[in-house]
Amino acid sequence: MVRGKTQMRRIENATSRQVTFSKRRSGLLKKAFELSVLCDAEVSLIIFSPRGKLFEFASSSMQGTIERYQKHAKGNQTSNKSSSSEQNMQHLKQKATSMMKQLELLEVSKRKLLGEGLESCTLAELQEIEHQLEKSVNNVRARKSQVFKEQIEQLREKEKLLKAETARLVEKCGSFQPRKTLDERRENRTYTDSSTSSDVETELFIGPPESRARR
């Protein structure tokens, strides 16, 4: 009878799962023993059942094999770390060298834009520098125009606020205008009365004291 292909997934039936575990465990332990005997290999095998039961096989000593494995794994980690550190250092050196070259190129370009060190420039390079300068000037002028427009808009907003404040003050002062006019009339009337009294007194006291006594 031909056996069907086993699907690699968890067996849902608990009984079937336990039977399969027992068979496969025995087969795996047998294969480990055969490998150690036939090939003179140091083999250690540790198995935990679904319920946590331990099954193990060791061709020599389980503890010795584990210690050997830990030393080997630690050596690999140290080697990997060392190799990784060297690669990082090499990458950082290359990056630093590239940045230094870029800084040098930027410094040379800056000097050329300032009109320095142009003796070694070709006609094409000089035209490129001229184009860059024209582009920079256009950008500066555009930004300057934008700043002017922004300042004009700010001044217009301030003007609107000042006009509104002036109109408010004029309206507020206009409400007190009649009362002020009435007070001025009263003051003018008082001044007129006092002037008349002053004139009468002047007429009454004109002349020498003797003539005034005879009258």
Side-chain angles (χ1 to χ4, degrees), residues 5-10 12 28 35 39 41-48 64-184 187:
K5 185 178 180 180
T6 304
Q7 295 181 356
M8 288 294 102
R9 63 180 183 180
R10 184 178 180 271
E12 298 298 333
L28 186 59
L35 180 62
C39 301
E42 184 177 354
V43 180
S44 294
L45 178 64
I46 299 175
I47 302 173
F48 286 97
T65 303
I66 292 175
E67 291 177 355
R68 183 179 178 183
Y69 166 76
Q70 289 177 344
K71 290 180 181 179
H72 183 73
K74 186 177 181 181
N76 287 338
Q77 290 178 356
T78 303
S79 177
N80 292 334
K81 287 182 179 179
S82 177
S83 177
S84 177
S85 299
E86 291 178 359
Q87 290 178 357
N88 290 334
M89 288 295 296
Q90 188 68 22
H91 176 69
L92 290 175
K93 288 181 180 179
Q94 293 177 356
K95 192 173 182 180
T97 303
S98 176
M99 291 181 66
M100 289 296 295
K101 290 181 179 179
Q102 290 180 0
L103 289 174
E104 291 177 0
L105 292 176
L106 289 174
E107 185 65 25
V108 172
S109 177
K110 177 183 175 182
R111 291 180 58 191
K112 289 181 179 179
L113 290 174
L114 293 175
E116 300 175 359
L118 300 177
E119 294 80 7
S120 60
C121 294
T122 62
L123 179 61
E125 291 176 346
L126 292 173
Q127 290 177 346
E128 180 64 22
I129 294 173
E130 183 181 8
H131 176 70
Q132 292 179 359
L133 290 173
E134 290 177 353
K135 186 177 180 181
S136 299
V137 171
N138 291 333
N139 291 335
V140 171
R141 288 176 178 173
R143 178 56 185 167
K144 183 179 178 182
S145 300
Q146 183 180 357
V147 172
F148 279 157
K149 290 180 180 179
E150 292 176 356
Q151 290 181 352
I152 291 172
E153 290 296 328
Q154 292 177 359
L155 291 174
R156 287 178 178 175
E157 291 295 329
K158 290 182 179 180
E159 183 182 5
K160 289 180 181 179
L161 294 175
L162 290 174
K163 287 182 178 180
E165 183 67 17
T166 302
R168 188 181 65 81
L169 292 174
V170 169
E171 184 179 358
K172 184 177 180 180
C173 293
S175 60
F176 294 99
Q177 190 65 27
R179 183 174 181 179
K180 184 176 180 181
T181 303
L182 182 61
D183 293 339
E184 289 178 354
E187 291 178 0

Separation between CE of Met99 and CG of Leu103, rounded to the nearest 0.5 Å: 6.5 Å
I need the Leu45 CG to Thr65 OG1 distance, nearest 0.5 Å. 11.5 Å
Test: Lys163 and Glu165 ion pair at under 4.0 Å: no
Does a salt bridge link Glu171 with Arg168, judged by any charged N lying under 4.0 Å from a carboxylate O? no
Test item: His72 and Tyr69 side chains (from C-beta on) under 4.5 Å apart, heavy atoms: no
Can you pull the salt bridge (charged side-chain N to carboxylate O under 4.0 Å, His left out) pairs that have at least one residue in residues 119-148, sequence neighbours excluded? none
Where at least one partner belongs to residues 96-118, residue pairs that pass salt bridge (charged side-chain N to carboxylate O under 4.0 Å, His left out), sequence neighbours excluded: Arg111-Glu116
Side-chain donor or acceptor of Thr97 paired with backbone N/O of Lys93 under 3.5 Å: yes
Does the Ser98 side chain pair with the main chain of Gln94, one donor and one acceptor, at a distance under 3.5 Å? no
With side chain to side chain contact (heavy atoms under 4.5 Å, CB included) as the test, would you mind laying out the steps for Leu155 and Glu159 before giving the verdict? CA-CA 6 Å; Leu155 291 174; Glu159 183 182 5; over 6 Å; no
